[in-house]
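Structure, as structure tokens:
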Amino acid sequence: MANAPHTAAQDPGPPPAIARRRVATATIVGSALEWYDFYLYASMAALVFGKIFFPQTDDAAGTMAAFATFAAGFLARPLGGIMFGHLADRIGRRNVLIITFVLMGVSTGLIGLLPTYDSVGVVAPIALVVLRIFQGLGSGAEYASAAVVAYEHADENRRGRQGAWPALGLNLGLLLSSLTVTVLTSLDEETLLTWGWRVPFIASFALAGIGLWVRRRVPESPDFHDSKKKQEREAAKQLPFVTLLRKQRRGLLVVLAVSLGYNALSYIFKTFSLAYLADFQDVSASVGAFGITLASATAIVAVPFFGWASDRFGSRKVLAGGGIASALFAFPFFVLLDTGNSVVIWLCLIIATGVLAPAMFAPQGSFLSRQFPADVRVSGVGTGREIGAALSGGLAPLAALAIVGASATNATWGVSLILIAGAVVVVLGSVFDQGARPVASPAVPPDSDTGRPSDRTPDRDDTRVSQSH
């Protein structure tokens with residue numbers, strides 16, 4: 001049980017209320033830095049990197065090349081999710097949270113110190129790709145570890161709200177980075193391209209130092225301790241990733257589906273839209289950046305609401321509802337962007353990134369975590385989620401750019417179809433929720449503290465199904 005008392009055989013840690021506060025701070029701060037880093041990189045890829053790291057190409061080709069480096073980070077994320085997820089299930093969630101945080105912060109800071117193509121030639125874009133890959137490795141395990149820690153420290157009737165903590169951190173990071181981008185895009189182009197873009201990257205060194213201090217105070221998850229005790233009783237040393245592939249393939253497919261759909265939607269909403277407005281609609285970059293700022297501020301309110309809704313109605317229903325609403329918004333999204341009117345564009349981005357994306361992301365902390373038992377939970381969430389993010393989150397903006405660029409009239413209906421497809425996949429993932437399946441046999445030994453089978457992790461959906469059988 002997520003809030004089971006510690007036993008004498010393990011570190012007693014702080015009182016539960018203090019532990020939850022530390023977990024909240026650590027997961028929110030860590031997720032904020034992750035998404036500050038990633039959205040900052042995505043924005044600079046759209047606005048700056050094509051000109052300073054790939055100047056030998058025209059503007060559109062340079063932007064495509066810069067987005068390719070953005071995709072390289074996504075392609076590294078599955079390796080990070082698998083490797084660090086395995087470690088989190090073996091050596092503890094807390095240790096991995098510290099390792100990944102340092103890796104992300106240092107990689108981001110070093111990007112701000114890179115020389116440009118004009119200074120060192122091809123070495124510059126190569127170094128950018130290498131650091132982007134390291135950034136992706138760290139980020140690959142960040143969400144899974146943070147979401148699982150928040151979920152495992154929660155009471156059963158608050159798993160939706162606490163599982164949404166990483167989503168809240170995401171939007172705080174998105175707000176911070178979008179404010180930063182808004183300030184940067186208000187600079188003249190020469191200042192932005194010479195030194196302005198470097199400042200927020202270098203600032204990551206300081207942010208990483210603060211976050212490291214916070215994360216060192218996080219107590220280890222009670223579920224992890226219980227899992228280790230179970231392995232000791234059974235005298236078995238499990239390899240979490242192997243166990244995941246052998247016994248938890250259905251849960252893995254559910255997580256993969258949700259991640260595929262959500263990341264395609266999210267990154268088209270908040271990343272491709274910036275490039276589309278600037279490159280194809282001749283809208284000032286500051287308009288799109290400020291729209292993302294407004295959307296992030298809205299999401300900071302929306303995420304706790306959808307976390308509460310997950311506890312009230314079930315994470316599966318909230319997730320599916322967000323997917324359905326996103327499908328309905330796929331064509332209106334571009335109708336609103338194409339007006340070129342700043343206020344309408346801001347409203348469009350608020351709906352997409354400030355409401356619809358949180359409706360799908362806030363319930364994922366509890367929904368994805370409950371697909372797996374504790375001994376493979378971080379491995380399962382990290383592997384499935386990051387493979388999905390690599391396939392769709394990194395490639396969807398590239399595909400969208402290619403579709404619009406290939407059209408003589410810059411038509412966007414193909415991108416709207418990508419949005420609809422992503423939404424359908426999210427809904428399908430929620431339909432095949434493994435956490436809502438009743439346990440067919442009571443043969444699984446009950447947990448010594450709770451009397452419940454140790455591999456059950458119900459939230460409200462699961463509870464209803466169990467009671468109905």
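The figures that follow rest on heavy atoms only: side chains count, while hydrogens, waters and symmetry mates do not. Just so it is clear, the structure is predicted and the values come from calculations on it, not from any experiment.
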Please report the closest heavy-atom contact between [X] and [Y], naming both atoms and the distance.
| X | Y | answer |
| --- | --- | --- |
| Ala264 | Ala396 | CA-CB, 3.9 Å |
| Leu349 | Ser273 | CD2-OG, 3.8 Å |
| Val426 | Gly323 | CG1-CA, 4.3 Å |
| Arg198 | Leu113 | NH1-C, 3.6 Å |
| Phe53 | Pro115 | CE2-O, 3.4 Å |
| Ala325 | Leu356 | CB-CD2, 3.6 Å |

task: Quick one: list whatever passes ring pair (Phe, Tyr, Trp, His ring centres under 6.0 Å) with Tyr41, sequence neighbours left out.
output: Phe49

- line: Residues passing the ring pair (Phe, Tyr, Trp, His ring centres under 6.0 Å) test with Phe269, sequence neighbours excluded, are Phe333

- prompt: Out of curiosity, Asp433 CG to Lys317 NZ, how far, rounded to the nearest 0.5 Å?
  reply: 11.5 Å

- request: State the CG-OG distance between Leu245 and Ser379, to the nearest 0.5 angstrom.
  value: 9.5 Å

field: Residue that, paired with Trp197, satisfies side chain to side chain contact (heavy atoms under 4.5 Å, CB included) out of Ile111, Thr180, Leu40
entry: Ile111

field: Pairs flagged by salt bridge (Lys or Arg N to Asp or Glu O under 4.0 Å) wherever residues 259-268 is involved - sequence neighbours left out
entry: none

Partners passing side chain to side chain contact (heavy atoms under 4.5 Å, CB included) against Val129 (at least two apart in sequence or in another chain): Thr69, Ala72, Ile133

query: Excluding sequence neighbours, so at least two apart, what forms side chain to side chain contact (heavy atoms under 4.5 Å, CB included) with Ala309?
result: Phe313, Val318

message: Go through it in stages, so that I can follow the logic: the residues are Phe101 and Val214, the test is side chain to side chain contact (heavy atoms under 4.5 Å, CB included), and I'd like the CA-CA distance, side-chain angles, deciding distance and then a yes or no.
response: CA-CA 11 Å; Phe101 195 84; Val214 170; over 6 Å; no

- request: Begin from the C-alpha positions of Asn263 and Leu391 and carry the test side chain to side chain contact (heavy atoms under 4.5 Å, CB included) through to its verdict.
  value: CA-CA 9 Å; Asn263 280 284; Leu391 293 175; over 6 Å; no

By side chain to side chain donor-acceptor pair (under 3.5 Å) - contacts of [X] (at least two apart):
| X | result |
| --- | --- |
| Tyr262 | none |
| Ser266 | Lys270 |
| Arg93 | Asp89, Glu152 |
| Thr293 | Ser178, Thr182 |

Residues 160-172, side-chain donor-acceptor partners within the protein, below 3.5 Å, at least two apart:
unit_1 : atom_1 : unit_2 : atom_2 : d
Arg161 : NE     : Asp311 : OD2    : 2.7
Arg161 : NH2    : Asn157 : O      : 2.9
Arg161 : NH2    : Asp311 : OD2    : 3.4
Gln162 : NE2    : Ala150 : O      : 3.2
Asn171 : ND2    : Ala167 : O      : 2.9

Main-chain N/O of [Y] paired with [X] side-chain donor or acceptor, under 3.5 Å:
| X | Y | result |
| --- | --- | --- |
| Ser259 | Arg385 | yes |
| His153 | Val149 | yes |
| Ser430 | Val427 | yes |
| Thr27 | Ala146 | no |
| Tyr143 | Gly365 | yes |
| Tyr267 | Ala389 | no |

query: Under the salt bridge (charged side-chain N to carboxylate O under 4.0 Å, His left out) test, which residues partner Arg77, sequence neighbours left out?
result: Glu34, Glu386

- prompt: Would the number of heavy atoms belonging to other residues, nucleotides or ligands and lying under 6.0 Å from CZ of Phe329 be above 12?
  reply: yes

task: Could you give me the CA-CA distance, side-chain angles and deciding distance for Met44 and Leu184, then say whether side chain to side chain contact (heavy atoms under 4.5 Å, CB included) is met?
output: CA-CA 10 Å; Met44 293 301 101; Leu184 291 177; 4.1 Å; yes

message: What I'd like to find out is whether the side chain of Leu252 reaches to under 4.5 Å of the side chain of Gln248, using heavy atoms alone.
response: no

Side chains of residues 203-210: which donor-acceptor pairs under 3.5 Å do they make with residues two or more places apart or in other chains?
unit_1 : atom_1 : unit_2 : atom_2 : d
Ser204 : OG     : Asp37  : OD1    : 3.2
Ser204 : OG     : Phe201 : O      : 3.4

query: If we ignore angles and hydrogens, is there a donor and acceptor under 3.5 Å between the side chains of Thr108 and Gln135?
result: yes

- request: Give the intermediate values and the outcome of side chain to side chain contact (heavy atoms under 4.5 Å, CB included) for residues Leu253 and Phe432.
  value: CA-CA 9 Å; Leu253 288 174; Phe432 290 97; over 6 Å; no

